Every structure is written in structure tokens, then in C-alpha cells.
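Predicted model, so just to flag it, every value in this text is computed and none were measured.
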Amino acid sequence: NRFRREKMMNQVCYDIVSDSLKRGYQVMVFVHSRKGTGETIEELTEIARKKIELEKCFITQGSEENGVAYSRYADKVEKSRNRELVKHFKNGMGIHHAGMLRGDRKLTEQMFND
């Protein structure tokens, strides 16, 4: 069924994302729709929480190396009215889709580029 297939795809996606992050790479996941983007990031966050890997793999605010980048953008993100952007930034993730305001999309692009 569709639900089980999506769950399996999210798990495969998570395994690839977490492996890449553990090896020190940044990761960008492309999703077919705006709604799907939000659903996928929620599912990846939930999988990371269940595996107790959210802090280890995703959240960088406490690490010396990445703490500077986190603090550079924290104020800008907090000013955003996009709840998804704010929520997922705190989890060490970004979100980007056509339904976002241009300023929020630009901010996400800048953070990924940094």
C-alpha cells in the first residue's frame, strides 16, 4: 500500500542522509511536491529522534566547528514567519519549496551555501 511504500522510502532516504552527514557531507533531498517536502522533513526528524541521532547527526549548534554558522543565522531565522523554517532550523535542517516567501527561500539557500 501507498503508506507502507512511503514509510519505506523515507527510511531509505534517512539511511542515506544520515550516512552522508556522519561522513561530513551536507545533504539536499529533493521531493516531488510542497506538501511532500514538509511530510518528508517531518518523517526524517521523527526517525532521527527515534534512533536518538538528531543531536548527533543533525543539530550543529553545540559544536565548535558549526556553532558559528548556527549563531550567524539564528536571529534571521527567528524573524521568519515560516513556522517550518524556524522549527527545522532548530533541528539542524532546512526546508525550501516554491510555496515559501522569496526571502525565506533565499535564507535557506544562504545557510546551505555556508
Could you list the cluster mates of [X]? Members are the ILVMFWY residues connected by side-chain heavy atoms closer than 4.5 Å, either directly or through other members.
X    : value
M9   : none
L101 : none
F112 : M28, F30

Which residue pairs pass the salt bridge (Lys or Arg N to Asp or Glu O under 4.0 Å) test when at least one of the two sits in [range], sequence neighbours left out?
range          : value
residues 24-34 : none
residues 19-30 : D19-R23, K22-E53
residues 35-45 : K7-E43, K35-E39, E42-K87

Test E109 against R102 for salt bridge (charged side-chain N to carboxylate O under 4.0 Å, His left out), laying out the working first.
-> CA-CA 10 Å; E109 291 164 10; R102 182 165 175 73; over 6 Å; no
List in chain and number order the residues that pass side-chain contact (heavy atoms from CB on, under 4.5 Å) with N1, two or more places apart in sequence or in another chain; answer none if no residue qualifies.
-> F3, R4
Taking side-chain contact (heavy atoms from CB on, under 4.5 Å) as the test, write out the residues that go with S80, two or more places apart.
-> N82, L85, V86, D104
Q11 and D15: CA distance, side-chain angles, deciding distance, side chain to side chain donor-acceptor pair (under 3.5 Å) verdict = CA-CA 6 Å; Q11 184 60 57; D15 292 343; 2.8 Å; yes
Taking all non-hydrogen atoms of both residues, which atom of M111 and which atom of Q26 are closest, and how far apart?
-> O-NE2, 4.4 Å
Which atoms form the tightest heavy-atom contact between H96 and T37, and what is the distance?
-> O-CG2, 4.2 Å
Partners passing side chain to side chain donor-acceptor pair (under 3.5 Å) against [X] (at least two apart in sequence or in another chain):
X    : answer
D114 : R72, Y73
K106 : none
E6   : R2

Hydrophobic cluster identity match, V29 and I41, side-chain contacts under 4.5 Å = yes
Value for OG1 (T40) from OH (Y14), rounded to nearest 0.5 Å, stands at 14.5 Å
Rounded to the nearest 0.5 angstrom, the OG1-CE distance for T45 and M93 is 3.5 Å
Who passes salt bridge (charged side-chain N to carboxylate O under 4.0 Å, His left out) against E46, sequence neighbours left out?
-> none
Please confirm whether the backbone N or O of I95 pairs with a side-chain atom of T108, one donor and one acceptor, at under 3.5 Å?
-> yes
Determine, stepwise, if the pair I47 / K50 fulfils side chain to side chain contact (heavy atoms under 4.5 Å, CB included).
-> CA-CA 5 Å; I47 293 170; K50 284 180 182 174; 5.8 Å; no
